[in-house]
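Step one of this worksheet: look at the structure below.
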Amino acid sequence: MALVSHTSTNSAVDARILLGAGLALLPWLGYLAGALPPAEAAAWVTLDALEATALLATGSRLLHHDPRHRAPAAAAAVLLLADACMDVATSPPGAELAIAVAMAVVAELPLAALCTALAASPTRPSVRRPVRARRPSDRCAGTFPR
């Protein structure tokens with residue numbers, strides 16, 4: 001029995017959610033770079049930049065029905081889970097901890113669950129007509145030199 005199953009046939013909605021989340025992280029990177037001390041900023045900006053990259057790659061591949069969306073989806077799930085854990089673990093008690101828990105519950109963990117479901121979903125075979133090999137007898141008379 002699978003822990004997570006994702007049978008959504010509307011992959012365009014999933015793709016837009018992931019693309020929106022990835023794009024929303026871009027201004028956040030600038031804020032973190034300016035608001036945190038340089039040593040902390042480097043770590044958090046790197047983590048969030050990797051998240052944004054994985055989310056954007058997953059969303060764009062999913063939007064174009066590219067079956068290679070599974071690897072970046074798995075990477076995004078792991079990064080989002082790590083980010084949620086680190087945010088909660090490093091936040092001091094009080095308002096910062098409450099914000100970290102809220103962000104984990106409302107944004108990071110649901111996105112991680114979606115990415116996990118997308119990474120675990122089986123790849124659907126593409127529907128293509130079989131290509132018939134061309135034979136010399138398929139040529140039109142007089143079209144090709146003999």
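Computed from a predicted structure; not experimentally measured.
Side-chain contact between Val105 and Pro110 is absent, with no heavy-atom pair separated by less than 4.5 Å.
In this structure, Leu81 and Ala112 approach most closely via the heavy-atom pair N-CB, 4.4 Å. The minimum heavy-atom distance between Pro72 and Arg68, with the atom names listed, is CD-O, 3.3 Å. Residues Arg70 and Ala119 come closest through the heavy atom pair NE-O, 3.1 Å. Contact between Ala77 and Thr116 at its shortest, heavy atoms only, is CB-OG1, 3.4 Å. In plain terms, the two heavy atoms of Met86 and Thr90 that are nearest each other are O-OG1, 2.6 Å.
Linking Ile, Leu, Val, Met, Phe, Trp and Tyr whenever their side-chain heavy atoms come within less than 4.5 Å puts Leu19 and Leu62 in one cluster. Neither Met103 nor Val78 shares a network with the other; the hydrophobic side chains, linked directly or stepwise wherever heavy atoms of I, L, V, M, F, W or Y lie under 4.5 Å apart, form separate groups for each. Hydrophobic clustering of Ile, Leu, Val, Met, Phe, Trp and Tyr side chains at less than 4.5 Å, counting indirect connections, keeps Leu80 apart from Val88. Cluster membership for Leu25 and Leu114, using ILVMFWY side-chain heavy atoms within less than 4.5 angstrom, is shared. Hydrophobic clustering keeps Ile99 apart from Leu36 (ILVMFWY residues linked when any side-chain heavy atoms are closer than 4.5 Å, directly or through intermediates).
The distance from the CZ atom of Arg61 to the CG atom of Leu118 is 13.0 Å, given to the nearest 0.5 Å. To the nearest 0.5 Å, atoms SG (Cys85) and CD (Glu108) are separated by 9.0 Å. Distance OG1/Thr53 to CG/Asp48: 10.5 Å, rounded to 0.5 Å. Going from atom OG of Ser11 over to atom NE2 of His64 covers 11.5 Å, rounded to the nearest 0.5 Å. Distance check: Leu47 CG to Asp87 CG gives 8.0 Å after rounding to the nearest 0.5 Å. In this structure, Trp44 CH2 and Trp28 CH2 are separated by 10.0 Å, a value rounded to the nearest 0.5 Å.
In this structure, Thr58 contributes its side chain and Ala73 its backbone to a donor-acceptor pair below 3.5 Å.
Exactly one residue among Leu63, Leu111, Leu56, Leu23 makes a side-chain contact (heavy atoms from CB on, under 4.5 Å) with Leu18. That residue is Leu111.
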**Request:** Apply side chain to side chain contact (heavy atoms under 4.5 Å, CB included) to the pair Leu55 and Cys115, showing each step before the final yes or no.
**Result:** CA-CA 8 Å; Leu55 289 168; Cys115 289; 4.0 Å; yes

